[in-house]
Amino acid sequence: MADFDYDLFVIGGGSGGVRAARVAAATGAKVALAEEFRMGGTCVIRGCVPKKLMVFASEYQEMFADARAYGWDVEDGSFDWSKFQPNLHAELDRLEGIYRKLLGNSDVSIHDSRATVSGPHEVTLADGTTYSAKHILVAVGGRPSLPDMKNADLAITSNDIFLLKELPQKTLVVGGGYIASEFACILNGLGVEVTQFYRGAQILRGFDDEARGLVSEMMIEKGVDLHLGTNVLEMEKHEDGIWVKCTNGSEAVYDQVMYATGRVPNTDGLGLEEVGVELGRNGEIIVDDYSQTKVPSIYAVGDVTNRVQLTPVAIREGMAFVETVFNGNPTKPDHELIPSAIFTQPEMGTVGLSEEQAAEQEPVEIYATSFRPMQTAFAERPDRVLMKLVVSKATRKVLGCHIVSPHAGEMIQLAGIAVKMGATKEQFDATCAVHPTISEELVTMRDPVRTA
Ligand code: NDP
């Protein structure tokens, strides 16, 4: 048997790569990991973590007004980016340090370098050093993609937003997915004048219509100037900002334009096709159910495979890979019934099928309630929440749960357990309510509002 420098060489120090490296090393394997930028990847450095901290920062504006209704003598403050940003980056530095330490403590050799695949069992670093490895795991993630249009480079992406020297006064956000909708809300909460263009009929395509309808209605209520069926036609740098002409013919000048129009896998120049790894139309690595590529010694996990672009999914794919390859127990990552949250304001949590998807599959009953929750109604805020269950008529199983509410992400994590276990509507009902809460509505909805 050939002698290799390493049992496993991981390319990419994001959520999937770091977890796979650590868990593989714990089996006694000799493991190396190369990362060209900062340890932690998109999630820690320019994604979920800084985004969530910005969500927290942006939520204070409404809290000041609420606090006054509850008897507190507080003034509306103003947000100071120059105070927040260093704290944000200090936190990211701390987290990056933890990631690095965890790898070191697991005896994973760290290479702070770009690495490319130069053979089925060979990796080459930027300085030309090569290493042999029995297995290679590609976990290089993805990056924001800009549409192919003139002056697209005038726009920033979610990569740049955390590094801005100052907060813009007037911003255009383009796109209607997770990132565009979350940042439209964040910037709006921080006091930026936000316009959002989405080319389709309603933002958050693919999610439950009623839920995304409420999110969009509340975003507009809170001040986001959302234009549906609208896209950028032309963009030019003018003295006073970025001039934008849109598809409905209107023109405006913005301090910043942020594009969040999807992400592409980071496979350019990685040497993959040269060694026989198959790539898809958008550059994603094609893998089988076990995350194995066409080259048996090369595996891939996370966003680079463009299966489900979520951190916890990448982590689970990484762990299933280790279980398969290093523990001799072939394990497929489970992509069924993944709960997720969209950190818009209001937040949305979702698991399973939307009403529309479920109705295409089988006859369903819809249980839903929308109301003004106690805490903000007291402060005379118009905010409404939605709690919704999509139930199979035949099996009574809850096929989908959709929540639009403060802390919907926290709620859906727990509701997700019941849905994943295959709970029926009657089992939800058999659970005693926790009163007074918003989530108690999930177990107290007696009659369907409609069938579909
Ligand atoms: P999405 O694919 O979710 O959304 C892309 C958006 O851009 C869509 O609204 C799409 O419109 C629009 N779009 C695409 N091309 C163009 C174009 N040429 N002109 C105008 N609009 C365009 O991508 P995101 O970048 O928002 O997020 C990427 C992934 O990251 C998500 O899929 C998600 O998995 C993950 N993510 C998860 C988060 C979470 O869990 N909270 C947070 C952030 C990201 P259309 O709908 O018409 O195609």
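In the model, Glu365 has a side-chain atom that pairs as donor or acceptor with a side-chain atom of Tyr367 under 3.5 Å. Counted by atom type alone, Glu193 and Thr171 present zero donor-acceptor pairs between their side chains at under 3.5 Å. No hydrogens or angles considered: a donor-acceptor pair under 3.5 Å links the side chains of Glu317 and His335. In summary, the side chains of Thr344 and Glu182 do not present any donor paired with an acceptor at a separation below 3.5 Å, with no hydrogens or angles considered. Looking only at atom types and distance, the side chain of Glu236 has a donor-acceptor partner in the side chain of His238 under 3.5 Å away. Side-chain atoms of Asn329 and Glu323 form a donor-acceptor pair, as typed in the model, at a separation below 3.5 Å. If you check the side chains of Tyr299 and Thr324, you find no donor sitting under 3.5 Å from an acceptor.
A salt bridge between Asp334 and Lys420 is present, with a side-chain N of the basic residue lying under 4.0 Å from a carboxylate O of the acidic one. Salt bridge Lys170/Asp225: absent, no basic N to carboxylate O contact under 4.0 Å.
Other residues, nucleotides and ligands contribute more than 12 heavy atoms inside 6.0 Å of the CD atom of Glu362.
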Begin with the C-alpha distance, continue with both residues' side-chain angles, and end with the deciding distance and a verdict on salt bridge (charged side-chain N to carboxylate O under 4.0 Å, His left out) for Lys388 and Asp208. CA-CA 10 Å; Lys388 175 167 179 177; Asp208 185 86; 2.9 Å; yes
Salt bridge (charged side-chain N to carboxylate O under 4.0 Å, His left out) between Asp112 and Arg100, worked out: CA-CA 11 Å; Asp112 289 300; Arg100 198 169 273 282; 2.9 Å; yes
Test Tyr178 against Ser340 for side-chain hydrogen bond (donor to acceptor under 3.5 Å, both in side chains), laying out the working first. CA-CA 11 Å; Tyr178 279 81; Ser340 75; 3.3 Å; yes
For side-chain contact (heavy atoms from CB on, under 4.5 Å), just list the numbers for Thr331 and Tyr290, CA-CA rounded to whole Å, side-chain angles, deciding distance to a tenth of an Å, and then say yes or no. CA-CA 7 Å; Thr331 303; Tyr290 298 91; 5.7 Å; no
Test side-chain hydrogen bond (donor to acceptor under 3.5 Å, both in side chains) on Gln345 and Ser58 and set out the steps. CA-CA 10 Å; Gln345 293 167 35; Ser58 68; 2.8 Å; yes
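Looking at Gln196, its side chain never comes within 3.5 Å of a backbone N or O of Val224 through a donor-acceptor pair. Remark: side-chain polar atoms of Trp243 are not paired, donor with acceptor, to backbone N or O of Glu234 under 3.5 angstrom. Under the 3.5 Å distance criterion, the side-chain polar atoms of Asp5 are matched with a main-chain donor or acceptor of Ser132. Judged by distance alone, the side chain of Arg212 and the main-chain N or O of Gln202 form a donor-acceptor pair under 3.5 Å. When atom types are taken as modelled, the side chain of Thr424 and the backbone of Arg396 share no donor-acceptor pair closer than 3.5 angstrom.
For the atom pair Ser118 OG and Leu270 CG, the distance stands at 10.5 Å (nearest 0.5 Å). To the nearest 0.5 Å, the span separating OG on Ser297 from CD1 on Ile136 amounts to 5.5 Å. In this structure, OG1 on Thr267 lies 10.0 Å from CG on Asn306, to the nearest 0.5 angstrom.
At least one test fails for Lys134 against the ring of Phe4: distance under 6.0 Å to the centre or angle within 45° of the axis.
Under the 6.0 Å cut-off for aromatic ring centres, Phe9 and His135 do not qualify, their centroids lying 6.0 Å or more apart. Aromatic pair Tyr131/Tyr6: ring centres closer than 6.0 Å.
Heavy atoms only, all atoms of each residue included: Leu103 and Ala21 are closest at CD2-CB, 4.1 Å.
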